[in-house]
Amino acid sequence: FRVIDIALVPASRGQGIGAAVLSDVIAQAGAAGKAVSIHVEKHNGAMRLYQRLGFVRVDEHGIYDLMERRP
């Protein structure tokens, strides 16, 4: 499963919405025995969220890290 983009307006950040959306994607991927991946800018503040949800860096592409969470 590849997450192409996830964005929240500033007023909605920090309320658990992004974590809930990603947790649902992770659950669906896990049920299918698949990994979830996303490209993240190296200095994106959301990197902590991805790491907290079990994503790890598996590659880098310029200013982006390819993060992956395996089932």
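- Evaluation of the ring-ring contact (aromatic ring centres under 6.0 Å, His included) test over residues 3-23, restricted to residues two or more places apart or in two chains, returns none.
- Residues passing the side chain to side chain contact (heavy atoms under 4.5 Å, CB included) test with V58 are V56, L66, E68, sequence neighbours excluded.
- The shortest non-hydrogen separation linking P71 to G30 is CB-CA, 4.3 Å.
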Could you pull out all donor-acceptor pairs under 3.5 Å where a side-chain atom in residues 18-29 meets a protein atom, sequence neighbours excluded?
unit_1	atom_1	unit_2	atom_2	d
S23	OG	A19	O	2.8

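- Counting only residues at least two apart or on different chains, the side chain to side chain donor-acceptor pair (under 3.5 Å) pairs with a member in residues 39-50 are K42-E60, K42-D65.
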| said: Walk me through whether Q51 and M67 qualify under side-chain contact (heavy atoms from CB on, under 4.5 Å). | reply: CA-CA 9 Å; Q51 291 169 336; M67 306 292 290; 4.1 Å; yes

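- The stretch residues 2-14 participates, sequence neighbours left out, in these side chain to side chain donor-acceptor pair (under 3.5 Å) pairs: R2-S37.
- Considering only heavy atoms from C-beta on, I38 comes within 4.5 Å of F55 through its side chain.
- Think of I4 as one node in a network of Ile, Leu, Val, Met, Phe, Trp and Tyr side chains linked at under 4.5 Å; it has no links at all.
- Contact between M47 and V40 at its shortest, heavy atoms only, is CE-CG1, 3.8 Å.
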